[in-house]
Amino acid sequence: MKKTIGMIFALTALLAFVFPLSSFAASYTYSTYTANQVTLNIIQTSPGSIQFKTLNRDKNLQQTSYVGINGGFFSAQIEKSTGMYKTHNIAIKNGVPVIGTSNNANNGWYNSGNQGTIIWDAKNGKFLYRVLNTGWEVNKAVGHTNYWAQGGVSMSLGSKNWKDVALKEKLPNPDGKVERSAMVYNGTSVYLIVTNSDCTAETFRATIQKYFGIKDGEPKSNVNGIFLDGSGSSQMRAYDSKNKLVNITGDGRKLVQIITVN
């Protein structure tokens, strides 16, 4: 009996060495997709695995042990009410913003005006897509606090007037060729997407649409997404199927809000 227990412990130790915990217990898959001369780096996971955290401009994603990507837009300003750096998009989990615990400005309780917001209604097991400004509007849309919500700029997948909407929601540098990031839902899966291929918002969006089999004028009710912060903020940290660490570094800038997979 002691010999059997010893063998079990030895096997467990061997597995832990060969398959580090970050990959062995992974609740996601990492993949890539290339079209339109753009390569998408994709983390696919379940909505129940999504967490929001702040790095408070202390670290970039590669300096952490998190699996995930950068989150909403931010600036080099400190929110006086929290004493922490601002995020300019909704990032709320179970009714609580990502920075602090109260409904202060720019701590994850507000978008920068009316902007695209992905909501996972955990109580009812479904996604909602809304163009909202505040966490109070999220609470009203859901009707309870068992949810998470991430704001950004509407991608309007399948819509021909997507760019008019994105400009109205103040998407920065839509025609510039920079690295870009997004969150997309499809059915009951979440896709965290980052490209380190410099591209316009149109090309990035077109590549995402091709990946999901969507054409403008042919929207799908169960698929939509938001642009997240881009350019040098476009960062990802994950492990591929061979347990190799994938780092998309952007320009290495230190981040405020991130989206992680637990």
Side-chain angles (χ1 to χ4, degrees), residues 38 40-43 50 52 68-75 77 86-92 97-98 105-120 127-135 137-138 141 148-186 190-209 211-212 214 216 219-220 223-236 248 250 253 255-259:
V38 171
L40 305 178
N41 298 273
I42 305 166
I43 293 173
I50 295 293
F52 302 135
I69 69 170
N70 58 286
F73 297 87
F74 65 93
S75 65
Q77 294 176 297
K86 298 180 178 182
T87 180
H88 294 303
N89 285 112
I90 284 172
I92 304 171
V98 65
N106 302 117
N107 67 341
W109 193 253
Y110 291 86
N111 281 325
S112 297
N114 290 318
Q115 292 182 309
T117 307
I118 295 175
I119 305 168
W120 170 247
F127 282 102
L128 303 174
Y129 191 87
R130 298 288 188 272
V131 176
L132 303 173
N133 185 16
T134 74
E137 294 174 62
V138 178
W148 58 253
Q150 174 66 56
V153 173
S154 296
M155 299 193 86
S156 305
L157 298 179
S159 173
K160 292 182 177 180
N161 69 336
W162 72 271
K163 193 168 185 179
D164 291 337
V165 174
L167 291 175
K168 185 177 180 180
E169 295 184 15
K170 302 175 184 177
L171 177 65
N173 196 20
D175 299 320
K177 291 188 175 182
V178 297
E179 299 174 36
R180 298 189 181 268
S181 306
M183 172 187 271
V184 176
Y185 66 86
N186 179 20
V190 183
Y191 297 76
L192 307 177
I193 303 172
V194 174
T195 181
N196 54 349
S197 306
D198 290 344
C199 59
T200 65
E202 182 175 11
T203 303
F204 180 53
R205 177 181 175 275
T207 307
I208 289 174
Q209 288 204 146
Y211 175 79
F212 287 102
I214 301 171
D216 282 335
K220 294 184 177 181
V223 186
N224 214 334
I226 52 176
F227 292 100
L228 297 170
D229 200 359
S231 189
S233 295
S234 294
Q235 299 177 21
M236 173 182 283
I248 308 300
R253 72 182 60 176
L255 301 177
V256 176
Q257 186 232 331
I258 61 172
I259 304 169

Sequence neighbours excluded, which residues qualify as ring-ring contact (aromatic ring centres under 6.0 Å, His included) partners of F52?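 For F52 the ring-ring contact (aromatic ring centres under 6.0 Å, His included) partners, ignoring immediate neighbours, are W148.
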
Return the set of residues passing ring-ring contact (aromatic ring centres under 6.0 Å, His included) with F74 (not counting sequence neighbours), or none when no residue passes.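 Checked F74 against ring-ring contact (aromatic ring centres under 6.0 Å, His included); zero matches.
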
Under the side chain to side chain donor-acceptor pair (under 3.5 Å) test, which residues partner N41, sequence neighbours left out? Y30

Just to verify, what does D229 make a side chain to side chain donor-acceptor pair (under 3.5 Å) with, not counting sequence neighbours? S233

Under 3.5 Å, side-chain donor or acceptor atoms of residues 166-176 against the rest of the protein: list the pairs with distances, not counting sequence neighbours.
{"unit_1": "E169", "atom_1": "OE1", "unit_2": "G116", "atom_2": "N", "d": "3.0"}
{"unit_1": "E169", "atom_1": "OE1", "unit_2": "S154", "atom_2": "N", "d": "2.8"}
{"unit_1": "E169", "atom_1": "OE1", "unit_2": "S154", "atom_2": "OG", "d": "3.2"}
{"unit_1": "E169", "atom_1": "OE2", "unit_2": "S154", "atom_2": "OG", "d": "2.8"}
{"unit_1": "N173", "atom_1": "OD1", "unit_2": "G176", "atom_2": "N", "d": "3.2"}
{"unit_1": "D175", "atom_1": "OD1", "unit_2": "K163", "atom_2": "NZ", "d": "2.7"}

Here the ring-ring contact (aromatic ring centres under 6.0 Å, His included) pairs for residues 156-185, sequence neighbours left out, are F127-Y185

Partners passing side chain to side chain contact (heavy atoms under 4.5 Å, CB included) against [X] (at least two apart in sequence or in another chain):
X    : answer
K177 : D198, T200
L228 : I69, N70, Q150, S181, M183, I226, I259
S112 : H88, Q115

How many angstroms lie between [atom1] in [X] and [atom2] in [Y], if you round to the nearest 0.5 Å?
X    : Y    : atom1 : atom2 : answer
M155 : I193 : CE    : CD1   : 7.0 Å
R180 : T195 : CZ    : OG1   : 10.0 Å
S159 : I214 : OG    : CD1   : 11.5 Å
I119 : I90  : CD1   : CD1   : 7.5 Å

Cut-off 3.5 Å, side chains only: do N111 and N89 have a donor facing an acceptor? yes

Applying salt bridge (charged side-chain N to carboxylate O under 4.0 Å, His left out), name anything that partners R130, two or more places apart in sequence or on another chain.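 Partners of R130 by the salt bridge (charged side-chain N to carboxylate O under 4.0 Å, His left out) criterion come out as none, since no residue qualifies.
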
Any side-chain heavy-atom pair of I118 and N224 under 4.5 Å: no

I50 versus W120: any side-chain heavy-atom pair under 4.5 Å? no

